[in-house]
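Here is the structure we will look at, set down as structure tokens.
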Number of protein chains: 2
Amino acid sequence: MGLRERKKQATRRALQDAAVRLTLERGLENVTVEEIAAEADVSTRTFFNYFATKEDALLGDLPKHPDEEVLRRFVEGGPTGDFVDDLITVLITFLVSTDDLATQRADMRARKELMEREPQLVPRMLARFHDVEMKLAAVVAERTGAPPEDERSLLVAAAAMAVMRHMIKRLRFSEGEETADVRASIRAAFRQLGEAYGPFAADG
Amino acid sequence: MGLRERKKQATRRALQDAAVRLTLERGLENVTVEEIAAEADVSTRTFFNYFATKEDALLGDLPKHPDEEVLRRFVEGGPTGDFVDDLITVLITFLVSTDDLATQRADMRARKELMEREPQLVPRMLARFHDVEMKLAAVVAERTGAPPEDERSLLVAAAAMAVMRHMIKRLRFSEGEETADVRASIRAAFRQLGEAYGPFAADG
DNA sequence: AAGAAACTTTGCACCTCATGCAAAGATTGT
DNA sequence: ACAATCTTTGCATGAGGTGCAAAGTTTCTT
């Protein structure tokens, strides 16, 4: 990666960090784009070269579209053959970025705190999830051989994303949390969903 | 209802209608609040007394929080005793406003067209659904005797709202559509959900 | 019916967000 | 070293959105 690219990454990071820090300090309403840019030592105009809106800087780059290789294997019926298990594998890749693990966890924690302190951001976050949901529906349809805009796939994906949102709320993103724990929690959530709406649903 | 209240309703309506009409005509980007206000024969400032944002005027007042009486019966375990059935009853009240049926259908159709033509509005709409989702989770928890912020209730509500979004996408909001049809469609969607994630889930 | 009280509309000043454009500055390749 | 390419920046501009106080309406009281 050349100098130009590295500088861009650094600027992007600096803007995100400044945005998060200032917002947690003073609240979203009391932070202007000008201040964020000043904090990151760039002009206001440059801020908008990186992010379309103030909120975009806060939400960062996650969740990103899942790894193409993982998607391909899912579409082909893998990696285990169990639908829910394989779905969870895909879902977990949403949580993973290119940064190192510690940075990722810190980012997630910060974002979680932001959601709690600035509820206006929740809808924005949901919008991101919506994009992922559409992608998910597409691969589910492909795996099951259904047409691209298949109703059932959309529904299955919507429910899966509901589980994801739910999980993210629960996770602590702390040191002790292992991938296996995350997987088990997601699985438990799917089980609850199946029990609530499944063929032998009791009340609740 | 006194004159003052009636005038307010009329102004609100006029603003919404103007917003929708102009947006469908020219696209959201090419319509300013000034123009919407002018079309409704009020000042720009008055527009903002009614709606916080341009988008709010487009999305109108739905979905509203469901009828309190219906909620009370749901919490008490009614009206039929079957969880999914009763849940559907609650969900259907989300679709119902105080306007007459023909107006309601026209509004829904217009909103649907808006979502298709202006995808930026979709996240905004989802945000509205999020509010309803929280309310729904609360009553589900209450019905099942769980604590207010119960994980399972949140999950069940999230899935239910996924089903709702899905339904709304499918509905045509035309003359022939009866409440019974709507109910049957929602029920079918829940069944698909249960099959996908339930105890005996096959692939897909 | 008259006037006070309460509410709504409006104009104005003001700030922030966001975009297009062109000039200046930095990086890369030859 | 020079040209090509990309990034940053300042400037102008438009639109969204809010607070405030004055003017205009509706409602309440007597």
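Note on naming: letters A, B, ... go to the chains in the order of the sequence lines (proteins, then strands), and numbering restarts at 1 for each one.
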Quiz prompt | Under the salt bridge (charged side-chain N to carboxylate O under 4.0 Å, His left out) test, residues paired with B/R72 that sit two or more places apart | solution = B/E69, B/E76
Exercise. With A/F74 as reference, evaluate A/L136, A/V140, A/T89 under the side-chain contact (heavy atoms from CB on, under 4.5 Å) test and give the passing residue.
Key: A/V140
Quiz item: With sequence neighbours excluded, what pairs up with A/E133 under the side chain to side chain contact (heavy atoms under 4.5 Å, CB included) test?
Solution: A/A157, A/A158, A/M161, B/R165
Exercise. Apply side chain to side chain contact (heavy atoms under 4.5 Å, CB included) to A/A14 and list each qualifying residue two or more places apart in sequence or on a separate chain.
Key: A/A40
One thing to verify: whether [Y] and [X] come together as a salt bridge, which I'm taking to mean a side-chain N less than 4.0 angstrom from a carboxylate O.
X	Y	answer
A/R128	A/D56	yes
B/R172	B/D181	no
A/R13	A/D17	yes
B/D86	B/R73	no

Quickly work out the [X] [atom1] to [N] [atom2] distance and round it to whole Å.
X	N	atom1	atom2	result
B/D41	C/dT10	CG	C1'	14 Å
A/I36	C/dT16	CD1	C1'	12 Å
A/R26	C/dT16	CZ	P	12 Å
A/Q9	D/dT7	CD	C1'	14 Å
A/L28	C/dT16	CG	P	13 Å

Produce the list of close N/O pairs, under 3.5 Å, pairing protein atoms with atoms of nucleotides 22-24 of chain C; give distances to one decimal.
none

Exercise. Determine, for nucleotides 10-18 of chain D in 5'-to-3' order, which nucleotides have protein heavy atoms under 4.0 Å from the base (write B), from only the sugar-phosphate (write S), or from neither (write -).
Key: BB---SSBB
Quiz item: With nearest nucleotides of DNA chain D determined for A/K7 and B/G2 from heavy-atom distances, which residue corresponds to the more 5′ nucleotide?
Solution: A/K7
Can you give me the N/O atom pairs linking the protein to nucleotides 5-8 of chain C at distances under 3.5 Å, or say none if there are none?
{"from": "C/dC7", "atom 1": "O4'", "to": "B/R4", "atom 2": "NH1", "distance (Å)": "3.1"}
{"from": "C/dT8", "atom 1": "OP1", "to": "B/K8", "atom 2": "NZ", "distance (Å)": "2.7"}

Quiz item: Do the side chain of B/D150 and the main chain of B/A146 share a donor and acceptor less than 3.5 angstrom apart?
Solution: no
Practice problem: Spell out, as yes or no, whether a donor-acceptor pair under 3.5 Å connects the side chain of A/R183 to the backbone of A/I88. | Solution: no
Self-check item: Non-hydrogen atoms of B/A159 and A/L193 that approach each other most closely
Solution: CB-CD1, 3.4 Å
